[in-house]
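Naming: A, B, ... by sequence-line order, numbering from 1 per chain.
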2 protein chains.
Amino acid sequence: MDKPPTIADVAKLAGVHKATASRALNQRTSGQVNAATARRVLQAAKRLNYQPNAVARSLSTNRSATVGVLIPDLTNPLFPLIVRGIEDALGPSGYTALLANTDNDPDRAEARFDTLLSRRVDGFLIATARREDPLVVRAHEQGIPVVLVNRSTDDPLFPVVTGDDAAGVAAAVGYLTGLGHERLAHLSGPPAMSTGVVRARAFRQSAPAGSPVVDCDAYSDDAGAAAARRLLDEHPGVTAILAGNDMIALGALQVLRERGLRCPEDVSLIGFNDMRFVDQLVPPLTTVHVPHHRLGAEAARLLLDQLDRPGEPAKTVSLPLHLVVRGSTAAPR
Amino acid sequence: MDKPPTIADVAKLAGVHKATASRALNQRTSGQVNAATARRVLQAAKRLNYQPNAVARSLSTNRSATVGVLIPDLTNPLFPLIVRGIEDALGPSGYTALLANTDNDPDRAEARFDTLLSRRVDGFLIATARREDPLVVRAHEQGIPVVLVNRSTDDPLFPVVTGDDAAGVAAAVGYLTGLGHERLAHLSGPPAMSTGVVRARAFRQSAPAGSPVVDCDAYSDDAGAAAARRLLDEHPGVTAILAGNDMIALGALQVLRERGLRCPEDVSLIGFNDMRFVDQLVPPLTTVHVPHHRLGAEAARLLLDQLDRPGEPAKTVSLPLHLVVRGSTAAPR
DNA sequence: CTGAAAGCGCTTACAG
DNA sequence: CTGAAAGCGCTTACAG
């Protein structure tokens, strides 16, 4: 119940000045102090159960050992994986992630960004980027260290860690055509997001010329269902659908059922992400696996690099994806 | 790129002392300053785009406006809901949640707890409690404000927010017996957790005397599958299973398939939690719905209460649950 | 190798 | 109603 011990308490118990105690206690400076003295300080700290006050340290060093993480919504199963990747990579360096959900709302994102700034985060990991993102531009103007993860901006203002979507789409399309499908379609993600356009572009390049592409408003099952209805109305002969992501695939699956089309017998379906539980659907979903945990971990490492050595040339990382074949795909009849 | 403005900059621009600027800027103390002066300060702050430094404020007020949140694993779909509930309830008060994953490892939990303490969180929300939890005891001894959420300890050292598990189990069992089932069984959660024993106890009270209960080692599909195998080996005549949670139900469902038992025709199955996507399984899972978002929000509010008025009598909250009937249950044949 | 001092950016009794 | 001062708990040039 009493106040936790301060460095002054440790110094007094060890019989040294608190500056000396500080040096002894810090990895980086402990070499500056006599070994025997250092030992006394460490003992004193242990006896008092001393825990340095991170708030005070932040104020004096002007670094909070904290990074802001902007995600759309923790409740979307992709992001917990990314966040754990981030935390697992940050942990060993003593950094803590401060999470903020934007709900895909730019105003909310801006507000969260500001409160994170007022908490003096050392940098940001942004998983909410739109292709033209005023927040990202602002961060760049203010010279704040940032790494983009999962989604990118058109203008590459910062290092980015994404999956190799183009290759993933090519693999999916190749698998479908290899099965003998000729009438493919793509239910593409929102055009305001890099993942939406990159996957759509890759689809156009690898699928038979003229294969239909229908945009979804959002990465949601509802948007996917709406798009699937439009697609099937206009192109009833489609035998295989590549969805912009798994949520869209879920919506499409529901529409197939609605219309009495069997999957995969009548229409094959491929998702994107390999999110949790899609292997438990009926049929189990064939999808492109994205290593979200690694995405987060790589992004965190890149940010840590920036923080350690500002001004170093910033890498950009594209992680390989692979197709996971399950039950929602088959040769056309 | 230049340093962000401080309150001294604001004060200078407004032509007042920084103490006055501080008073004007803070809700609670703005009444102490002349209205016109206050207006000048606010204008100056706006012109400079002044954002108070939360770190400096924390050091001087000895409050960080930050709470530590201990969860087992963000990757388990229950917890993002709880966490969002917490964040949504904390937000309006200006508090930020600091998340820590314990992976159900007591040592990790202790380490996380300590680093959160060193960041001077004002209190904790603990979703990782075991029935006998040394960490909870320690928090209590140190007089730190804590609210337990989802799981409780045997010794009620702190306010707790949980679902009304007993009622939920009673509803599930009642529904099953109402359908005509007489040979029920329970695959119970880990006995080290309150949810495990509370649900098992309620099952014993509401199910026909002698109905078998098999413990699972963990709330996982693997543990659920193992337990289901043991159950079916010893009690092949069972016609309805109540699982300790949805993950256990998933494991059980898999074992039913393994053994060529149809669900719900041969065996009815009920889960617990109503986690995301269980409505998309085949068959869609009948389960007891737990309002995880509200659980988190209520717990956060209780903690905020404690923080506002320390020493107030602490409430304990038990939220009502309801059975969601879907396709995994039917009358016995 | 160690100490004395200043400073990080706020807040808050204490005077007036 | 406002200012001057002290203090929160650290770190880090600067001397010696």
Side-chain angles (χ1 to χ4, degrees), chain A residues 2-42 44-45 48-66 94 115 117-122, chain B residues 2-42 44-45 48-66 94 115 117-122:
Chain A
D2 12 57
K3 315 233 131 263
T6 70
I7 201 169
D9 299 322
V10 175
K12 194 193 297 175
L13 182 58
V16 298
H17 191 267
K18 68 194 168 82
T20 305
S22 172
R23 295 189 190 99
L25 255 10
N26 281 82
Q27 194 73 42
R28 201 173 51 75
T29 47
S30 62
Q32 298 171 22
V33 9
N34 179 292
T37 314
R39 215 172 307 124
R40 279 209 327 276
V41 172
L42 273 307
L48 295 178
N49 216 294
Y50 171 70
Q51 286 274 58
N53 181 329
V55 173
R57 171 181 298 172
S58 294
L59 185 59
S60 103
T61 59
N62 200 28
R63 305 198 82 197
S64 62
T66 253
T115 69
L117 274 185
S118 82
R119 292 196 180 271
R120 296 300 186 265
V121 294
D122 296 328
Chain B
D2 10 58
K3 315 234 131 267
T6 70
I7 201 167
D9 299 322
V10 174
K12 195 194 296 176
L13 182 59
V16 298
H17 191 268
K18 68 194 169 81
T20 305
S22 172
R23 293 190 192 100
L25 257 9
N26 282 82
Q27 194 73 44
R28 201 173 51 76
T29 47
S30 61
Q32 299 171 23
V33 11
N34 178 293
T37 315
R39 218 172 304 125
R40 282 209 326 278
V41 172
L42 272 309
L48 295 178
N49 217 293
Y50 171 70
Q51 285 275 56
N53 182 328
V55 173
R57 171 180 299 173
S58 295
L59 185 58
S60 104
T61 59
N62 199 28
R63 307 197 82 197
S64 62
T66 255
T115 70
L117 273 185
S118 81
R119 292 195 180 272
R120 294 301 185 265
V121 294
D122 296 329

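Between A/Tyr50 and A/Leu25, the closest heavy-atom pair is CE2-CD2, 3.8 Å. Nearest heavy atom pair, residue B/Ser64 against residue B/Arg120, reads OG-O, 2.6 Å. The two atoms that bring A/Thr37 and A/Val33 nearest to each other are CB-CG2, 4.0 Å, heavy atoms only.
Here A/Val16 lies in heavy-atom contact (under 4.0 Å) with sugar-phosphate atoms only. Contact annotation for B/Arg28: backbone-only contact, meaning every heavy-atom pair under 4.0 Å involves sugar-phosphate atoms and none involves a base. Here A/Asn34 lies in heavy-atom contact (under 4.0 Å) with sugar-phosphate atoms only.
Proximity of A/Asn26 to the phosphate of D/dT11: a side-chain N or O atom is located under 4.0 Å from OP1 or OP2. Contact between the side-chain N/O atoms of A/Ser22 and the OP1/OP2 oxygens of D/dT11 is found at a separation under 4.0 Å. Using a 4.0 Å cut-off, no side-chain N or O of A/Thr61 falls inside it from OP1 or OP2 of D/dT11. Residue A/Tyr50 has a polar side-chain atom (N or O) positioned under 4.0 Å from OP1 or OP2 of D/dC10. Distances shown here put a side-chain N or O of B/Thr37 below 4.0 Å from the OP1 or OP2 atom of D/dT2. For the OP1/OP2 pair of D/dT11 and a distance below 4.0 Å, the side-chain nitrogens and oxygens of A/Thr29 include no atom meeting the criterion.
Note: CG (A/Asn53) to P (D/dT11) measures 10 Å, nearest angstrom. D/dC10 atom C1' lies 17 Å from atom NZ of A/Lys12, rounded to whole Å. Between the CG atom of A/Leu59 and the C1' atom of D/dT12 there is a distance of 14 Å, given to the nearest Å. Between B/Asn62 atom CG and C/dC10 atom P the separation is 18 Å, expressed in whole Å. Atom-to-atom, CZ of A/Arg119 to P of C/dC8 comes out at 22 Å; the value is rounded to the nearest Å. Here the P atom of nucleotide D/dC1 and the CG atom of B/Leu25 are 17 Å apart, to the nearest Å. The NZ atom of A/Lys18 sits 11 Å away from the C1' atom of C/dG3 (whole-angstrom rounding). Rounding to whole angstrom units, CD of residue B/Gln32 and P of C/dT11 are separated by 12 Å.
Both A/Ala56 and A/Val33 sit near DNA chain C, but only A/Val33 has its closest nucleotide nearer the 5' end. Comparing B/His17 and A/Ala19 along DNA chain C, the residue whose closest nucleotide (by nearest heavy atom) sits nearer the 5' end is A/Ala19. For the pair B/Arg120 and B/Ala38, nearest-nucleotide mapping onto DNA chain D gives the more 5' position to B/Ala38.
Between the side chain of A/Arg40 and the backbone N or O of A/Ala14, at least one donor-acceptor pair lies under 3.5 Å.
Checked options A/Leu59, A/Val55, A/Thr61; the residue passing with A/Arg57 is A/Thr61 (criterion: side-chain contact (heavy atoms from CB on, under 4.5 Å)).
For the pair A/Val10/A/Val41, a side-chain contact is recorded, criterion being any heavy-atom separation below 4.5 Å from C-beta on.
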Problem set entry | Dot-bracket line, read 5' to 3' along DNA chain C, where crossing pairs take [ ] and | marks a partner on another strand, Watson-Crick or G-U under 3.5 Å | |||.||||||||.|||

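Atom CG of residue B/Asn49 and atom CG of residue B/Asp9 lie 12.5 Å apart, to the nearest 0.5 angstrom.
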Which atom pairs, donor and acceptor, lie under 3.5 Å between side-chain atoms of residues 16-23 of chain B and protein residues at least two apart or in another chain?
unit_1	atom_1	unit_2	atom_2	d
B/His17	ND1	B/Ala19	N	3.0

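In the interface, the side chain of A/Arg23 is paired with the base of C/dG3 through a donor and an acceptor atom under 3.5 Å apart.
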